[in-house]
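See below for the structure under consideration.
Nothing fancy with the numbering, it's 1 onward along the sequence.
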Amino acid sequence: ITAEGQVLTSAHLIYMGSQIAEGMAYLEDRNIVHRDLAARNILVGDDLVCKVADFGLARIIKDSVYTASRNTKIPVRWTAPEAAIYQRFSVKSDVWSFGVLLYEMMSRGKMPYEGTDNKEVLDLLSSGFRLPCPTRCPQNIYRIMMDCWAAEPSKRPSFHALHSQLDSIYARIYFKTIEV
């Protein structure tokens, strides 16, 4: 529910997700890795305009990977396994985080991997577990989440592809609702 009391539909959330993917595509084009992409770091303004925020962990990457020091604190529930275990951050680890952000949005704010500690989360992911499809989440959106969580980073989509997919899904929903 927004500050104005408006109930957010799946269409609203898809529209917001599309904007976030577009913002991340901008960073991707500039070889910037965010490293802390999560719902808590998205600013939402009037008309549900979304902006990616909190660049405290962001880094410019060379050779497409940033390797953090071992004692760097990271948000494990939102972090790709290769980044959480080996401190190897890339645009593709941000894509993983985007999948978790979509989960947060589509689950209407549920904590990812609720009831587990960080070590248990890493064990679950290593065994192939992925977050389940949230209630009322369209299957095509869950499929996008699963693509973001591909075990092999190179198999994850680009932010440009994610923006395009989400924008297309939103457009189909939007134009279907305004047909005369």
Quiz item: Is Phe55 atom CZ crowded by more than 12 heavy atoms from other residues, nucleotides or ligands, each under 6.0 Å away?
Solution: yes

Quiz item: For the side chain of Asp94 and the backbone of His34, is there at least one donor-acceptor N/O pair under 3.5 Å apart?
Solution: yes

Exercise. State whether Tyr170 and Arg172 meet the cation-pi test: NZ (Lys) or CZ (Arg) under 6.0 Å from the six-membered ring centroid, and within 45° of the perpendicular axis.
Key: no

Practice problem: Heavy atoms only: give me the nearest Ile32-Val91 pair and the separation to one decimal. | Solution: O-CG2, 4.5 Å

Quiz item: Does a donor on one side chain and an acceptor on the other come within less than 3.5 Å for His160 and Asp29?
Solution: yes

Practice problem: Please round to the nearest 0.5 Å and tell me the distance separating atom CG of Asn41 and atom NZ of Lys51. | Solution: 15.5 Å

Cut-off 3.5 Å, no hydrogens considered: what does the side-chain donor-acceptor table look like for residues 136-150, sequence neighbours left out?
from: Tyr142; atom 1: OH; to: Leu131; atom 2: O; distance (Å): 2.6
from: Trp149; atom 1: NE1; to: Trp96; atom 2: O; distance (Å): 3.3

Quiz item: Does atom OH of Tyr86 have more than 12 heavy-atom neighbours from other groups under 6.0 Å away?
Solution: no

Quiz item: Is the backbone of Lys119 close enough, under 3.5 Å, to the side chain of Asp117 for a donor and an acceptor to pair up by distance?
Solution: yes

Practice problem: Kindly confirm or rule out a cation-pi arrangement of Arg77 over Tyr113, judged by NZ or CZ under 6.0 Å from the six-membered ring centre and within 45° of its axis? | Solution: no

Residues 11-25 side chain polar contacts: donor-acceptor under 3.5 Å, at least two apart:
from: His12; atom 1: ND1; to: Thr9; atom 2: N; distance (Å): 2.9
from: His12; atom 1: ND1; to: Thr9; atom 2: OG1; distance (Å): 2.9
from: His12; atom 1: NE2; to: Gln6; atom 2: NE2; distance (Å): 3.1
from: Ser18; atom 1: OG; to: Asp167; atom 2: OD1; distance (Å): 3.4
from: Gln19; atom 1: OE1; to: Cys50; atom 2: N; distance (Å): 2.8
from: Gln19; atom 1: NE2; to: Leu48; atom 2: O; distance (Å): 2.9

Practice problem: Please determine if Arg35 forms a cation-pi arrangement with Trp78, meaning its NZ or CZ atom is less than 6.0 Å from the six-membered ring centre and no more than 45° off the ring axis. | Solution: no

Quiz item: For atom CZ of Arg59, is the number of surrounding heavy atoms from other residues, nucleotides or ligands below 6.0 Å larger than 12?
Solution: yes

Self-check item: Any donor-acceptor N/O pair, Glu104 side chain to Ala39 backbone, under 3.5 Å
Solution: yes

Exercise. Indicate yes or no: does Arg156 engage Glu82 in a salt bridge with an N to O separation below 4.0 Å.
Key: yes

Exercise. Using a cut-off of 6.0 Å, state whether more than 12 heavy atoms not belonging to Leu43 lie near its atom CG.
Key: yes

Quiz item: Does the Ser168 side chain pair with the main chain of Ser164, one donor and one acceptor, at a distance under 3.5 Å?
Solution: no

Quiz prompt | Qualifying residue for side-chain contact (heavy atoms from CB on, under 4.5 Å) with Phe129, from Leu124, Val121, Asp123 | solution = Leu124

Self-check item: side-chain hydrogen bond (donor to acceptor under 3.5 Å, both in side chains) involving Asn31 - partner list, sequence neighbours excluded
Solution: none

